[in-house]
Amino acid sequence: QVQLVESGGGLVQPGGSLTLSCVASRSILSINAMGWHRQAPGKQRELVAAVTSGGSTNYADSVKGRFTISRDIAKSTVYLRMNSLKAEDTAVYYCNARSLSVNTWGQGTQVTVSS
């Protein structure tokens with residue numbers, strides 16, 4: 001069992017920036033991949049960004065060049081830095097931990113981009 005706690009969501013204007021944090025209850029090196037997904041009203045949940053235990057990253061095409069996923073191993077924390085935010089980025093953002101024995105979601109944090 002692993003618990004994930006997200007924070008950092010809020011209201012931001014278009015073009016602004018926000019950083020989300022996800023704290024895991026165990027070492028993120030014991031988890032194959034950590035990622036961020038998002039879900040907007042009326043839409044399916046989609047992958048935003050992910051990082052493997054080896055440090056490889058991947059991003060959705062819609063956020064490439066704007067979002068950056070990073071990690072602090074000592075703090076068991078994964079971050080999502082979001083720059084140049086657009087109204088289309090408005091969604092609930094969820095942290096995810098995945099391996100052969102783990103598939104866990106955080107409670108979600110709301111990000112609203114509006115002028």
Side-chain angles (χ1 to χ4, degrees):
Q1 181 75 20
V2 59
Q3 287 79 49
L4 305 173
V5 180
E6 302 108 323
S7 63
L11 175 65
V12 63
Q13 293 189 346
S17 298
L18 209 58
T19 299
L20 307 182
S21 300
C22 174
V23 181
S25 62
R26 74 186 207 195
S27 174
I28 58 178
L29 292 180
S30 69
I31 302 168
N32 182 251
M34 299 288 295
W36 289 94
H37 293 65
R38 67 187 182 187
Q39 187 166 24
K43 296 184 178 180
Q44 292 189 311
R45 189 172 298 187
E46 63 176 346
L47 172 71
V48 176
V51 58
T52 70
S53 60
S56 298
T57 60
N58 65 281
Y59 299 89
D61 288 342
S62 60
V63 307
K64 286 180 179 177
R66 299 189 297 122
F67 291 11
T68 302
I69 189 168
S70 62
R71 59 184 181 171
D72 186 328
I73 296 171
K75 294 182 177 180
S76 297
T77 301
V78 176
Y79 303 95
L80 184 68
R81 176 63 175 175
M82 304 182 291
N83 295 322
S84 302
L85 282 161
K86 307 174 181 179
E88 308 91 85
D89 296 317
T90 295
V92 177
Y93 285 70
Y94 297 91
C95 185
N96 172 249
R98 176 173 53 80
S99 70
L100 289 176
S101 61
V102 170
N103 190 4
T104 302
W105 298 90
Q107 82 285 352
T109 185
Q110 176 72 48
V111 173
T112 301
V113 185
S114 177
S115 60

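Computed over heavy atoms, backbone and side chain alike; hydrogens, waters and symmetry mates excluded. Computed from a predicted model, the values in this text were never measured in an experiment.
Residues Arg66 and Met82 are not in side-chain contact: their nearest non-hydrogen atoms beyond the backbone lie 4.5 Å or more apart. A 4.5 Å side-chain heavy-atom check between Thr109 and Ser7 finds every atom pair outside the cut-off. Residues Val92 and Glu6 are not in side-chain contact: their nearest non-hydrogen atoms beyond the backbone lie 4.5 Å or more apart. By the 4.5 Å heavy-atom criterion applied to side chains, Leu47 and Asn58 are counted as neighbours. The shortest distance between side-chain heavy atoms of Gln110 and Leu11 does not fall below 4.5 Å.
For Leu4 against Ala24, the heavy-atom pair with the smallest separation is CD2-CB, 3.7 Å. Between Gly108 and Tyr94 the shortest heavy-atom distance is CA-CD2, 3.5 Å. Considering all non-hydrogen atoms of both residues, Ala91 and Ala40 come closest at CB-N, 3.9 Å.
Residues passing the salt bridge (Lys or Arg N to Asp or Glu O under 4.0 Å) test with Lys43: none are found, sequence neighbours excluded. Remark: Arg98 pairs with no residue by the salt bridge (Lys or Arg N to Asp or Glu O under 4.0 Å) rule, at least two apart or across chains. Ser27 meets the side chain to side chain donor-acceptor pair (under 3.5 Å) test with no other residue; sequence neighbours excluded.
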Let me check something: any side-chain donor-acceptor pairs from residues 31-38 under 3.5 Å, sequence neighbours excluded? List them with distances.
unit_1: Arg38; atom_1: NE; unit_2: Glu46; atom_2: OE2; d: 2.8
unit_1: Arg38; atom_1: NH1; unit_2: Asp89; atom_2: OD1; d: 2.9
unit_1: Arg38; atom_1: NH1; unit_2: Tyr93; atom_2: OH; d: 2.9
unit_1: Arg38; atom_1: NH2; unit_2: Glu46; atom_2: OE2; d: 3.4

With a cut-off of 3.5 Å and sequence neighbours excluded, list every side-chain donor-acceptor pair involving residues 15-22.
unit_1: Ser17; atom_1: OG; unit_2: Asn83; atom_2: OD1; d: 2.8
unit_1: Thr19; atom_1: OG1; unit_2: Arg81; atom_2: NH1; d: 2.8

Counting only pairs under 3.5 Å, give me each side-chain donor-acceptor contact of residues 99-106, with atom names and distances, residues two or more places apart or in other chains.
unit_1: Ser99; atom_1: OG; unit_2: Ser101; atom_2: N; d: 3.4
unit_1: Ser99; atom_1: OG; unit_2: Val102; atom_2: N; d: 3.2
unit_1: Asn103; atom_1: OD1; unit_2: Asn96; atom_2: ND2; d: 3.2

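Here the SG-OH distance, from Cys95 to Tyr79, works out to 11.5 Å after rounding to the nearest 0.5 Å. Residue Leu29 holds its CG atom at 6.0 Å from CZ of Arg71, rounded to the nearest 0.5 Å.
Linking Ile, Leu, Val, Met, Phe, Trp and Tyr whenever their side-chain heavy atoms come within less than 4.5 Å leaves Val5 and Ile73 in two separate clusters. Hydrophobic clustering of Ile, Leu, Val, Met, Phe, Trp and Tyr side chains at less than 4.5 Å, counting indirect connections, keeps Val23 apart from Val111.
Judged purely by atom type and a 3.5 angstrom limit, Arg26 has no side-chain atom pairing as donor or acceptor with the backbone of Val2.
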